[in-house]
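Beneath this line is the structure, given in C-alpha cells, with notes to follow.
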Amino acid sequence: MSTAIWPPIDPQELLRKETESLTRELEWLLESLKDTFASFKAGLEECAALLSPEKGPSTLVLSSQRSESLKGYVTRIGTRLVKGDINLRLPGLLPPKGANSNRLSISTAPTAPTFVLEELTSARTLINASLDVIDVTRWAGNSNDANFIAGQLRLLYDNILEAKQTLKGETGQKSWWENPIDEKVCIVRSIERVAVTNLEFQIFDSAFPRNLSFQMSIADAALVLEVRTLEAAGATAPAGSLSGFGFRERFALAIGAAAAPIHDEVGQTYQYQGHEVRVREKLRVESIDPSLLAVMAKLSALEHSTAMSRRALDIVMGKDE
C-alpha cells in the first residue's frame, strides 16, 4: 500500500516542503528542550541536596545476620562519616584485655582525619558537573544550534550515567588490599604524609588491630562494610584446630563431612601493606541508606529522560540509524 499526492507535486518542490517541515520541527524541539533542561536542573539539584551536609545526619545500623560477629552504627553527613561505633567478635581477632569484643569508634577529635566515602564524593562531583553543563547550555551557548545541544545532551547523559553507576558500585572501586586504612599515616598541615602515633590523629579512637582489614564503600545505594582478619601467607593452623568454626561445622567435620568454604577468598594470597597475606575470616554487612536510594532513583529517571531527548533530537536531525 502506498500514498500518493494529487495533484502531483514537483519533486523539487516536495523536497523543499519536506526540508521546511523538518526545519520547523527542529525549531519547535529546540525550543521545548529549554523547558526540558530546566526540569533536568531541578532534578539534579534535588540529588545534590540529598548528598549535601545541609541534608543533616543519616544514622545507619550495621549488623551481621544471625550472629553477634558485628554490631554497631555509623552516622553520615554529606560524603563523610562523622560518627560510628562498631563492635567485632571474630575468632581471629583477639579482644583487648578485659573486653569481650574489639570496639572501633570513629574519632571525633578536631585533628582526626576525615572519613570520606569516595563513591559519594565522585557522585556529587558528577552531579555538580551535570549542573554546570545545563548552565552552559542555557546561558552561555547557542540554544538554537542543534549540534551544540546534541553535544550537551550527550555530555549530560554521560555524567548522569556515571553518577548512577558510582552509587551502584559499578565504577572500578579499589580492591581492599589496594586501599587499606593506615592508622599511622595522616596529613598534618601540609601535603606530605607524616607518620604519627598519637591517637588524636587517627581515624578511630582505639588502637586499630594490625591483622584487620576494614573497608567501607557504597554499592546499590547501600553502605557496605567488609572486614577481614588476616594472617601471613606462610602461616599454618595447628593440627586439629577448629578455631573459627561453629557447632554445625564442628559436628560435620566430626562425622567426616567435607567442610564448606568459609568465604570466597579461601586459599588466595594478597599483597597487603608490603606483606603477603591470606584472608582468615571475611564478613560483609550492608545497610540501605534511604537518601542514597532516593538519589539513585532520581538519577535513573534523569538518565531515561535524557536518553529520550537525545533520541528525539537525533531523529529530527536525521542522525537516527
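In what follows, residues are counted from 1 in the order of the sequence shown. In what follows, every heavy atom counts, from backbone to side chain, and hydrogens, waters and symmetry copies are set aside.
Judged purely by atom type and a 3.5 angstrom limit, Asp220 has no side-chain atom pairing as donor or acceptor with the backbone of Ala222. One N or O on the side chain of Ser39 and one on the backbone of Thr36 form a donor-acceptor pair closer than 3.5 Å. For Glu162 (side chain) and Asn159 (main-chain N/O), no donor-acceptor pair under 3.5 Å exists by modelled atom type. Formation of a donor-acceptor pair under 3.5 Å by the Ser64 side chain with backbone atoms of Ser67 is found in this model. Within the 3.5 Å criterion, the main-chain N or O of Leu161 finds no donor-acceptor partner in the side chain of Glu303. Remark: the backbone N or O of Val61 is paired with a side-chain donor or acceptor of Ser287 at under 3.5 angstrom.
The structure places CG of Leu292 at 8.0 Å from CG of Leu60, a figure rounded to the nearest 0.5 Å. A distance of 10.0 Å separates CG in Leu126 from CD1 in Ile160, rounded to the nearest 0.5 Å. For the atom pair Leu230 CG and Ser213 OG, the distance stands at 5.5 Å (nearest 0.5 Å). Going from atom OG1 of Thr137 over to atom CD of Gln152 covers 3.5 Å, rounded to the nearest 0.5 Å. Atom CD1 of Ile218 is separated from atom CG of Leu120 by 4.5 Å, given to the nearest 0.5 angstrom. Atom CH2 of residue Trp177 and atom CZ of residue Arg228 lie 8.0 Å apart, to the nearest 0.5 angstrom.
Asp85 has its side chain within reach of Arg103: a pair of non-hydrogen atoms, C-beta onward, lies under 4.5 Å apart. Taking 4.5 Å as the limit, some side-chain heavy atom of Ile149 sits within range of a side-chain heavy atom of Leu153. Contact of the Ser69 side chain with the Leu88 side chain is not registered, since no non-hydrogen atoms from C-beta on lie closer than 4.5 Å. Looking at Ile127 and Lys298, their side chains never come closer than 4.5 Å, going by heavy atoms from C-beta outward. Annotation: side chain of Ser143 is not in contact with side chain of Arg138 (no heavy-atom distance under 4.5 Å). Side chains of Leu131 and Glu45 form a contact here, defined as non-hydrogen atoms less than 4.5 Å apart. Counting heavy atoms from C-beta on, the side chains of Glu226 and Leu283 never come closer than 4.5 Å. Using a 4.5 Å heavy-atom threshold, the side chains of Leu223 and Met216 count as touching.
Using a 3.5 Å distance cut-off with no hydrogens or angles, the side chains of Ser309 and Thr306 do not pair a donor with an acceptor. A donor atom on one side chain and an acceptor atom on the other are not found under 3.5 Å apart for Arg124 and Ser122. Neither side chain, Asn211 nor Thr229, offers a donor N or O lying under 3.5 Å from an acceptor on the other.
Surrounding CZ of Arg154 are at most 12 heavy atoms belonging to other residues, nucleotides or ligands under 6.0 Å away. For Arg80, the CZ atom is loosely surrounded, since the number of other residues' heavy atoms within 6.0 Å does not exceed 12. Within 6.0 Å of CD on Glu118 lie no more than 12 heavy atoms contributed by other residues, nucleotides or ligands. Heavy atoms of other residues, nucleotides or ligands lying less than 6.0 angstrom from NZ of Lys34 number more than 12. More than 12 heavy-atom neighbours from other residues, nucleotides or ligands sit within 6.0 angstrom of NZ on Lys282. Atom CD of Gln268 is surrounded by more than 12 heavy atoms from other residues, nucleotides or ligands within 6.0 Å.
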Would you please test Lys41 and Asp135 for salt bridge (charged side-chain N to carboxylate O under 4.0 Å, His left out) and show each step?
-> CA-CA 9 Å; Lys41 182 175 182 179; Asp135 287 340; 3.1 Å; yes
Kindly indicate, with the supporting measurements, whether the criterion side chain to side chain contact (heavy atoms under 4.5 Å, CB included) is fulfilled by Leu117 and Thr79.
-> CA-CA 6 Å; Leu117 296 169; Thr79 61; 5.6 Å; no
Side chain to side chain contact (heavy atoms under 4.5 Å, CB included) between Leu62 and Tyr73, intermediate numbers included | CA-CA 5 Å; Leu62 299 170; Tyr73 75 93; over 6 Å; no
Could you walk me through whether Leu225 and Phe214 pass the side chain to side chain contact (heavy atoms under 4.5 Å, CB included) test, one step at a time?
-> CA-CA 7 Å; Leu225 171 60; Phe214 184 100; 3.5 Å; yes
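No path of Ile, Leu, Val, Met, Phe, Trp and Tyr side chains, each step under 4.5 Å between heavy atoms, connects Val224 with Ile106, placing them in separate hydrophobic clusters. Linking Ile, Leu, Val, Met, Phe, Trp and Tyr residues whenever their side-chain heavy atoms come within less than 4.5 Å leaves Leu44 and Leu293 in two separate clusters. Placement of Tyr157 and Val133 in two distinct hydrophobic clusters is found when ILVMFWY residues are connected by side-chain heavy-atom separations under 4.5 Å, directly or transitively. Under a hydrophobic-cluster definition in which Ile, Leu, Val, Met, Phe, Trp and Tyr are linked whenever side-chain heavy atoms come within less than 4.5 Å, directly or via other members, Leu33 and Trp28 are assigned to the same cluster. Hydrophobic cluster membership is shared by Leu155 and Phe148, with clusters built from Ile, Leu, Val, Met, Phe, Trp and Tyr side chains linked at under 4.5 angstrom.
Taking the six-membered ring where the residue is Trp, Tyr272 and Trp176 present tilted rings, their angle falling between 30° and 60°. In this pair, Phe208 and Phe204 present their aromatic rings parallel. The plane angle is below 30°, not in the 30 to 60° band.
The minimum heavy-atom distance linking Ser63 with Lys71 is given by the pair OG-NZ, 2.5 Å. Closest approach of Asn102 to Pro209, counting heavy atoms only: OD1-CG, 4.0 Å. Considering every non-hydrogen atom in both Ser217 and Glu119, the closest pair reads CB-OE2, 3.4 Å. Of all the heavy atoms in Ser175 and Gln215, the pair that sits closest is C-NE2, 3.9 Å. When all heavy atoms of Leu313 and Ala146 are compared, the closest pair comes out as CD2-O, 4.0 Å. Here the closest heavy-atom approach between residue Met317 and residue Ala150 is recorded as SD-CB, 4.3 Å.
For the side-chain contact (heavy atoms from CB on, under 4.5 Å) with Arg76, the lone residue among Leu81, Thr59, Val82 that qualifies is Leu81.
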